[in-house]
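The figures here come from the full heavy-atom set of this structure, side chains too, leaving out hydrogens, waters and symmetry mates. Numbered from 1 within each chain, the chains take letters A, B, ... in sequence-line order.
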Amino acid sequence: MAFPGGFREYMAVKRRKLEVQGQEIAATGSQSSVLTGLTLYFNGYTGSSDLTMIQFKELVLVHGALVRDKLEPDVTHIIATQMTDSKMRNLRKPVVKPEWLLDSIKRQNLLPWLTYRLYTDIAPSQQTLGSFFSGGTSQSGDQPSSTSTHGGENELITSAEGNLEKQILGTASEKAQVEHVQIEEEAIADEGEGEVESDESESEDVRTRQGADTESEWVKANTCTAPGFLQKFFASSRLHHLSTWKGELRDFVYRQGPRRRMNATTYSKRIIVHVDMDCYFASVALRDRPHLQSSPVVVAHSLGLAGRSTSDVASCNYVARSHGLRNGMSLGRAREICKDLHVLPYEFEKYEACTKALYNVLLRQGDEVEAVSCDEAYVDVTSSIKESGQEIQLAENLRREIFEVTGGCAARSAITCIGPNKLLARMATTRAKPNGVFQVKQEEALQFMEGQLVRDLPGVGWVLADKAAKRNIKTCKELAVLSLPRLQADFGPKTGSMLYNACRGIDMRPLENTPRQSVGAEVNWGIRFTTQDQVEQFIRELSQEINKRMKLASVGGKLLTVKAKKKRYVGEPQKVLGCGDCDNLSKSWNAQNGINSWETIFRESYRLLCELQIEATDIRGVGIHVSKLCSDSLSLPGHPVREQSFLNFEGAAPDAQERNNPPPHKMEDHRKTLDEQKTTLSEYGINPEEIDLDVLKELPEEIQADLLPYLKARESHHRPFQINARAGCSSSSSSISKPNGGQQFDPSYLLPTASQVDPEVMKALPDEIRQDLEKAIGMRRGMAARSISGMRNVPRRGKIHGNKVSPNKGQVQLQSRRQSITCKSIPVPPPSPSLGGQSDFGSVRCMLEDWVSTRLPPTDDDVNAFLRYLESLIDEMELERLETLLKWFFCRVGVESSVINSKGKGNAEWSKVAEMLTTHVNEMVMKKYGCQMKGLGGSQR
DNA sequence: ATCCTCCCCTAC
DNA sequence: TAAGGTAGGGGAGGAT
Ligand SMILES: Nc1ccn([C@H]2C[C@H](O)[C@@H](COP(=O)(O)OP(=O)(O)OP(=O)(O)O)O2)c(=O)n1
Ligand SMILES: [Mg+2]
Ligand SMILES: [Mg+2]
């Protein structure tokens with residue numbers, strides 16, 4: 001088989017498309033979702049005078065059901081008015097009268113199909129719902145499958161009818177949606193029975209799959225060496241989707257610019273709303289499967305019925321959470337905890353549509369928006385609140401509007417929290433869930449924070465929480481006892497400052513709205529190489545992927561970084577095809593001339609990876625990142641970095657134009673990195689640290705627009721939660737110049753000087769905090785920072801508390817991180833450009849000098865090598881060297897020609913070479929840069 | 001001091 | 001069986 005599983009994949013995609021179409025039809029016209037989750041096949045239904053077959057199909061479609069033209073594996077029910085016994089037995093699906101659907105639609109309530117069975121006398125002893133439910137097959141007369149570990153579910157037969165109905169339909173819809181798993185189960189059931197004849201529904205899917213159903217075959221088809229792996233992986237990866245969406249949202253919000261011209265607002269007057277959808281993926285799933293609302297539900301790949309599944313739970317609803325389930329948990333564990341769990345498939349298109357709707361509301365309502373994720377954002381609503389007391393009302397309106405635009409159900413889960421800063425709004429979220437609003441006012445902040453766990457602070461994960469716990473600190477109250485210098489000594493200046501402020505409810509960070517600074521792609525699943533060639537090929541594909549993403553974002557870059565994971569265990573990790581416990585290595589390369597082709601990315605990435613010296617068989621993850629970004633040279637000069645989002649939002653903000661057409665004096669910057677662009681401020685004779693806002697206001701509009709990004713960058717850079725100078729921007733002393741009269745800001749002490757603090761803010765702070773602050777400000781210079789830990793993180797010792805990558809029990813610790821000297825090494829390709837293994841330009845010239853000096857006719861191989869070298873010079877934009885070399889070559893050949901001329905031979909050969917080189921170089925330069933080399937055309941012909 | 005490289009951590 | 005991606009803040013230690 002040329003492409004194992006290829007047909008299956010093709011069919012799955014095709015079916016999914018059909019399904020989407022069906023749902024779109026259902027979404028138009030008068031409709032309901034009462035039949036959602038059903039996938040129907042009409043067979044033996046003859047229609048009637050008042051309702052033709054076609055009309056009937058349309059009817060059920062607009063009420064949420066899916067209709068198949070063939071008895072495909074995902075069909076949940078067959079609709080028929082007549083059918084022979086034997087046929088019905090072979091169909092192996094519930095056969096139900098059309099009245100079931102009509103009545104259900106009429107009552108707007110999905111009735112139990114059991115009472116509408118076509119014949120009630122068929123194999124009555126086996127016609128049990130229990131077997132239907134737990135057997136992993138849709139056949140009515142089935143025995144519970146041996147794969148079912150949940151025999152207890154048969155008890156459902158005795159449940160109340162309504163509940164039972166929900167369970168059944170839930171199961172049906174699981175099967176309907178997770179196509180390949182559905183097929184898998186049918187295959188298992190077939191083996192167990194060894195009986196039933198195939199009809200058309202036993203499609204090629206099953207046969208194809210069965211043919212490839214050895215364990216190694218599956219693994220082979222799903223590791224990185226399989227054709228199409230990257231595409232398939234990214235298309236299926238929830239985390240990839242999450243990251244991609246976030247990037248697009250950020251970019252979109254950035255392009256919108258501030259929604260409203262704000263009156264300068266002071267910190268203490270801000271009203272920040274944090275909006276976060278309740279169990280997002282699960283909510284969207286439940287919106288279209290209302291009958292499952294009160295059942296425990298998770299979204300995951302795979303049904304996890306076979307064994308202890310290592311598939312991740314992306315999102316679980318609150319019913320499931322009450323059983324102890326959590327996002328990110330393995331499905332196997334989830335199923336152990338919660339026996340009657342409903343597993344629903346990912347529906348990325350739906351999440352995307354929902355997100356779009358959500359953000360349209362937020363962007364319309366907010367003064368400013370910071371995109372956090374596809375289901376979450378900070379919204380500054382300060383200007384919407386005219387007087388205090390309106391906050392809750394505003395939040396409820398926001399919630400209602402989100403509810404409406406997201407199609408009802410997903411929005412039922414909007415959580416809105418109000419606080420004077422991001423931290424408090426974010427912390428309040430937990431109190432607002434599920435489905436509510438919660439407000440924390442400034443004066444309540446300290447008390448509110450006191451009761452919080454350090455672990456629950458945003459920015460505190462397992463590692464930090466553990467570090468704090470080692471000092472016997474678990475709550476914010478306990479954390480607040482430690483002095484700022486103490487925290488900074490223990491956790492570093494920024495982190496210490498963040499902790500100091502966060503546990504007091506202080507967070508001065510503005511809403512972030514900046515363009516991206518790096519582009520990357522990585523894969524840490526399914527990575528199993530056997531040969532170095534496979535590694536090379538994979539890097540080639542990943543490089544093309546990076547190139548694609550850079551083009552999409554219209555950026556170039558100058559720093560290339562390769563990341564790799566090297567396994568630290570023997571055998572296989574717990575997570576199927578996962579990376580397991582690894583050493584993480586990285587190496588980067590500075591491209592002076594920018595990175596401008598996927599070949600460059602590939603060549604250098606591969607070289608870097610080789611330099612990391614990991615055996616192909618030990619690699620468990622690979623990533624490529626490009627940073628030090630600059631605007632794409634292909635895009636308009638001065639064009640801001642932007643992405644071609646495929647999220648289409650409503651009309652652009654009024655000032656979007658302004659951002660996309662920067663004033664002409666910035667045009668020449670387009671090749672500079674974002675960082676370097678800072679230096680261009682000197683064009684205005686302004687030190688970026690010393691922009692006075694009052695002065696700024698007086699500047700011409702376009703210059704203001706230009707300065708804005710620098711201000712933003714300055715505001716948000718390196719200021720974790722701490723009070724910063726921005727607080728004073730609207731007050732009379734509105735200069736944001738550096739403290740200490742232009743002296744260097746001491747980065748070890750992130751507390752502001754007294755003069756930096758907005759007096760208004762100081763006043764607004766609770767007494768304790770204010771005193772604490774004043775004290776800290778007063779003594780900031782005298783503090784000697786002594787570290788408790790005092791040492792650098794020892795690389796990879798002991799367990800890291802990530803949820804993701806956990807070490808395997810009983811795995812043997814291998815050798816240390818970097819390759820030991822004695823080990824056999826991975827061959828490292830020479831850096832490009834190189835000739836005969838030499839990459840140093842001087843060496844290359846010497847070599848060429850020798851070559852030309854031989855006076856022998858040049859061999860094809862040598863000429864080709866030389867040409868390839870010139871080509872790589874072009875690729876790397878080493879145009880000066882290219883010119884130097886060519887000029888030298890012509891000069892040299894000319895000399896040799898005259899010398900050799902007298903001997904008769906050689907001249908023609910070298911001249912031909914020179915001519916050929918000229919042609920090719922010109923061609924390549926033209927192709928890459930769209931113009932000819934200066935002074936090259938003239939030297940020939 | 002500040003920059004650079006190679007990490008680690010966090011969040012969704 | 002299953003899809004553990006990514007951007008960005010930040011720290012340690014060496015080079016400058
Ligand atoms: N480990 C995780 C965490 C989240 N997500 C996805 C699924 C979530 O639905 C979505 C949003 O993440 P949230 O942290 O907001 O979680 P939920 O929205 O699911 O739940 P909550 O109600 O706590 O916000 O991101 C994921 O795939 N894996
Ligand atoms: Mg959420
Ligand atoms: Mg969220």
Side-chain angles (χ1 to χ4, degrees), chain A residues 180-181 184 213 215 218-219 221-224 229-230 232-247 250 276 280 300-312 314-315 327-328 330-332 346 371-376 426 457-464 491-495 498 512 514 516-527 549 559 561 563 565 573 575-580 582-590 620-621 623 625 627 716-720 744-748 787 790-796 800-806 817:
Chain A
H180 55 287
V181 176
E184 168 92 2
D213 191 30
E215 182 142 323
W218 186 89
V219 167
N222 287 281
T223 46
C224 56
F229 170 84
L230 260 193
K232 200 158 59 166
F233 174 75
F234 284 131
S236 311
S237 163
R238 74 186 202 282
L239 293 175
H240 167 73
H241 282 273
L242 243 39
S243 292
T244 308
W245 287 329
K246 176 168 182 172
R250 278 179 55 111
D276 187 322
Y280 192 46
H301 289 296
S302 149
L303 283 184
L305 290 169
R308 198 173 187 279
S309 170
T310 60
S311 179
D312 275 5
S315 180
N327 287 0
S330 83
L331 183 55
Y346 289 93
V372 176
S373 86
C374 64
D375 85 322
E376 189 175 341
R426 171 72 182 72
L457 294 172
V460 176
W462 281 111
V463 174
L464 272 187
F491 296 95
K494 310 283 181 72
T495 308
M498 179 271 282
E512 297 259 18
T514 55
R516 70 156 70 211
Q517 289 169 350
S518 71
V519 177
E522 56 193 271
V523 181
N524 298 304
W525 187 87
I527 300 294
R549 293 184 192 185
L559 185 67
T561 304
K563 298 188 0 173
K565 281 175 178 284
K575 186 167 176 65
V576 174
L577 287 179
C579 62
C582 289
D583 284 324
N584 300 304
L585 312 179
S586 80
K587 194 148 179 35
S588 42
W589 172 68
N590 246 311
R620 285 294 175 271
H625 291 257
S627 49
S716 55
H717 273 179
H718 315 306
R719 296 182 189 219
Q744 214 49 38
F745 185 75
D746 182 356
S748 328
S787 174
M791 53 182 167
R792 182 181 189 180
N793 287 343
V794 182
R796 303 305 286 126
I800 299 282
H801 284 97
N803 312 343
K804 301 277 173 219
V805 181
S806 55
R817 229 173 62 73

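The side chain of A:V372 approaches B:dC12 more closely than any other nucleotide in the set C:dA3, B:dC12, C:dT6. Distances were taken from every side-chain heavy atom of A:S243 (C-beta onward) to each of B:dC6, C:dG5, C:dA3; the shortest belongs to C:dG5. Which of C:dG8, B:dT5, B:dC12 sits closest to the side chain of A:E376 comes down to B:dC12. Residue A:L559 places its side chain closer to B:dT5 than to any other of C:dA2, B:dC7, B:dT5. In this structure, the nucleotide among B:dC6, B:dT10, C:dG11 sitting nearest to the side chain of A:K587 is B:dC6. Distances were taken from every side-chain heavy atom of A:H240 (C-beta onward) to each of C:dA3, C:dG9, C:dT6; the shortest belongs to C:dT6. Nearest nucleotide to the A:N222 side chain, out of C:dG5, C:dA2, C:dA7: C:dA2. Counting only heavy atoms from C-beta on, A:S588 has its side chain closest to B:dC6 among B:dC6, C:dG11, C:dT6. For A:D312, the listed nucleotide lying nearest its side chain is C:dA3; candidates were C:dG5, B:dC9, C:dA3. Taking the side chain of A:S302 as heavy atoms from C-beta on, and the options C:dA3, C:dT6, C:dA2, the nearest nucleotide is C:dA2.
Using a 4.0 Å heavy-atom criterion, one finds that A:F491 contacts the sugar-phosphate atoms exclusively. Note on A:A521: only backbone sugar-phosphate atoms sit closer than 4.0 angstrom, heavy atoms only; bases stay farther off. Counting non-hydrogen atoms under 4.0 angstrom, A:L457 reaches the backbone sugars and phosphates but no base.
In this structure, the NZ atom of A:K246 is 10 Å from the P atom of C:dG9, given to the nearest Å. As a whole-Å value, the separation of A:K494 NZ from C:dA12 C1' is 14 Å. One can place CG of A:L464 at 9 Å from C1' of B:dT10, the figure rounded to the nearest angstrom. Following rounding to the nearest Å, A:K575 (NZ) and C:dA2 (C1') show an atom-to-atom distance of 7 Å. At whole-Å resolution of the value, NE2 in A:H301 and C1' in C:dG5 are 12 Å apart. Protein atom OH of A:Y280 is 17 Å distant from nucleotide atom C1' of B:dA11, rounded to whole Å. Atom OH of A:Y346 and atom P of C:dA2 are 11 Å apart (whole Å). Atom pair A:E522:CD and C:dA3:P shows a separation of 16 Å (rounding to whole Å applied).
For C:dA2, neither phosphate oxygen OP1 nor OP2 lies less than 4.0 angstrom from any side-chain nitrogen or oxygen of A:R238. Checking the phosphate oxygens (OP1, OP2) of C:dG9, no side-chain nitrogen or oxygen of A:T495 falls inside 4.0 Å. In this model, the phosphate group of B:dC4 is not approached by any side-chain N or O of A:N590 to a distance below 4.0 Å at OP1 or OP2. The shortest distance between the side-chain N/O atoms of A:R426 and the OP1/OP2 oxygens of B:dA11 is not below 4.0 Å. Look at A:K232 and you won't find any side-chain N or O under 4.0 angstrom from OP1 or OP2 of C:dA2. Distances shown here put every side-chain N or O of A:H241 at or beyond 4.0 Å from the OP1 or OP2 atom of C:dG5. One finds a side-chain N or O of A:T310 lying less than 4.0 angstrom from the OP1 or OP2 phosphate oxygen of C:dA2. The phosphate of B:dC6 has neither OP1 nor OP2 within less than 4.0 Å of any side-chain N or O from A:S586.
Of all the heavy atoms in A:C579 and A:R620, the pair that sits closest is CB-O, 3.5 Å. Among all heavy-atom pairs drawn from A:D276 and A:D375, the shortest one is OD1-OD2, 2.8 Å. Heavy-atom minimum distance, A:F234 versus A:A521: CZ-CB, 4.4 Å.
Each of A:D375 and A:T561 lies near DNA chain B, and the nucleotide nearest A:T561 is the one positioned closer to the 5' end. Nearest-nucleotide mapping onto DNA chain C: of A:G492 and A:S237, the residue sitting toward the 5' end is A:S237. Between A:F233 and A:R308, the residue anchored nearer the 5' end of DNA chain C, judged by the nucleotide with its closest heavy atom, is A:R308.
At least one donor-acceptor pair under 3.5 Å links the side chain of A:W525 to the backbone N or O of A:V576.
A distance of 11.0 Å separates SG of A:C224 from CG of A:N524, quoted to the nearest 0.5 Å.
Between A:H241 and A:W245, the ring planes are tilted. Angles from 30° to 60° get that label.
No side-chain heavy atom of A:V372 sits less than 4.5 Å from a side-chain heavy atom of A:R426.
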